[in-house]
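Just so it is clear: chains get the letters A, B, ... in the order the sequence lines come, proteins before strands, and each one is counted from 1.
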Number of protein chains: 2
Amino acid sequence: MVVYELSEEQANKVFRALADATRRDIVRRTLNAEVSVSEIAASYDMSFAAVQKHVAALESAGLVTKIARCRERIVRGQPDTIRHAQELLSSLEDIWRQRISRLDDFLADGDK
Amino acid sequence: MVVYELSEEQANKVFRALADATRRDIVRRTLNAEVSVSEIAASYDMSFAAVQKHVAALESAGLVTKIARCRERIVRGQPDTIRHAQELLSSLEDIWRQRISRLDDFLADGDK
DNA sequence: CTCATATACAACCATTTGGTTGTATATTAC
DNA sequence: GTAATATACAACCAAATGGTTGTATATGAG
């Protein structure tokens, strides 16, 4: 199984993009249904331009994509990028598990 | 099973803390073995104080804890917080899966 | 054609971030 | 006691972030 890992720079962008409640909410909405930038902007108490910037940050991180549909830009959440972030976190957890495993081996060895 | 979810503010801190390659590396090292702040600082081409700040950011996010051992402060990675972050990402993926599931239902309904 | 809508983007500004150096304190080594 | 080590933390600074307003362009409605 080939897994396309995030580069360090991509990982920075993805986690940075996720470090904001508004952006996480935009990701949720765009994973749940097709929405335009205007529709997204209508939900938040900030300017259209501010929401546009949040969407741009998510797009740059690969967490959403935009496609033109007539006048509108439809924003789509990208589950693959979320999965990549999960895999990075899993690799951290694995490091911890391997350490525990080594510790178990050491204790077992001490018993013999 | 009770899962302690991250508050929005905690989630912001956790993802913000993970959005830096040096900090991710510190998390890896502290999950792998017990290390002091000085030992961590020796690995990076920046001042001790800068590394101290990175550790403080990780501690504030709950990704590491510090315990005093004589003069040293031993930094420990906290796998639980990583798991909480994973769960947040899983909940995003679930939203997408539920959407696909709804779409499948709709298509199946259209066939009958 | 004209008007309204949807988007893009530049310029600006306050706050936060990520680094620095300097100083202080506690503990260990001699 | 003195010197070296480990940490903490304040003050400072440049760059990035997250918001704003203003302007421009493209598309759809009448």
Side-chain angles (χ1 to χ4, degrees), chain A residues 7-30 33-77 85, chain B residues 7-30 33-77 85:
Chain A
S7 72
E8 294 289 88
E9 203 45 54
Q10 285 173 322
N12 290 353
K13 280 189 182 180
V14 170
F15 288 120
R16 188 80 197 71
L18 290 169
D20 179 279
T22 301
R23 285 193 295 259
R24 286 193 300 274
D25 197 53
I26 293 173
V27 170
R28 277 183 212 104
R29 289 195 56 184
T30 57
E34 302 214 322
V35 277
S36 68
V37 179
S38 310
E39 285 168 333
I40 295 170
S43 310
Y44 306 103
D45 186 26
M46 65 181 78
S47 67
F48 177 82
V51 173
Q52 234 180 352
K53 281 195 188 181
H54 283 308
V55 173
L58 291 168
E59 190 179 21
S60 168
L63 284 163
V64 306
T65 53
K66 275 190 293 185
I67 59 159
R69 178 181 295 173
C70 310
R71 283 196 285 193
E72 298 184 334
R73 298 291 175 275
I74 302 300
V75 185
R76 291 187 169 155
Chain B
S7 72
E8 292 290 88
E9 203 44 55
Q10 285 173 323
N12 290 353
K13 280 189 182 181
V14 170
F15 288 121
R16 189 78 196 73
L18 289 170
D20 179 279
T22 300
R23 286 193 293 261
R24 286 194 299 274
D25 197 53
I26 293 173
V27 171
R28 276 183 211 104
R29 289 194 55 184
T30 57
E34 302 213 324
V35 278
S36 68
V37 180
S38 310
E39 284 169 333
I40 295 169
S43 310
Y44 306 103
D45 187 25
M46 64 181 78
S47 68
F48 178 81
V51 173
Q52 235 181 351
K53 281 196 189 180
H54 282 308
V55 173
L58 291 168
E59 191 180 19
S60 168
L63 284 163
V64 306
T65 53
K66 275 190 292 186
I67 59 160
R69 177 181 295 174
C70 309
R71 281 195 286 194
E72 298 184 332
R73 298 290 176 276
I74 302 300
V75 184
R76 290 187 170 154

Inter-residue atom distance [X].[atom1] - [Y].[atom2], 0.5 Å rounding:
X	Y	atom1	atom2	result
B:Arg24	B:His54	CZ	NE2	11.5 Å
A:Ile40	A:Thr22	CD1	OG1	11.5 Å
A:Asp20	A:Leu58	CG	CG	8.5 Å

Just how far, in rounded Å, is [atom2] of [N] from [atom1] of [X]?
X	N	atom1	atom2	result
A:Asp20	C:dT16	CG	P	14 Å
A:Ile26	D:dG18	CD1	C1'	13 Å
B:Met46	C:dT21	CE	C1'	16 Å
B:Arg71	C:dA24	CZ	P	20 Å
B:Glu9	C:dT16	CD	C1'	13 Å
B:Phe15	C:dT17	CZ	P	17 Å
B:Leu18	C:dT17	CG	P	15 Å
B:Lys13	C:dG18	NZ	P	14 Å

Tabulated below should be each protein N or O lying under 3.5 Å from an N or O of nucleotides 9-17 of chain D; please produce it.
unit_1: D:dT17; atom_1: O3'; unit_2: A:Arg16; atom_2: NH2; d: 3.1

### Task
Examine C:dT20: is either OP1 or OP2 under 4.0 Å from a nitrogen or oxygen in the side chain of B:Ser47? Give yes or no.
yes

Margin query: Does C:dA8 have OP1 or OP2 under 4.0 Å away from a side-chain N or O of A:Arg73?
Written below: yes

Whichever of B:Val37 and A:Ala50 has the more 5' nearest nucleotide on DNA chain D, that residue is B:Val37

From the candidates D:dT27, D:dG19, C:dG19, the one with an atom nearest any side-chain atom of B:His54 is C:dG19

key: Residue met sooner reading DNA chain C from 5', once B:Arg69 and A:Glu39 are mapped to nucleotides   =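 It is A:Glu39, whose closest nucleotide lies nearer the 5' terminus.
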
| said: Is it the case that the side chain of B:Arg23 and the backbone of B:Arg16 share a donor-acceptor pair, with hydrogens and angles ignored and the cut-off at 3.5 Å? | reply: yes

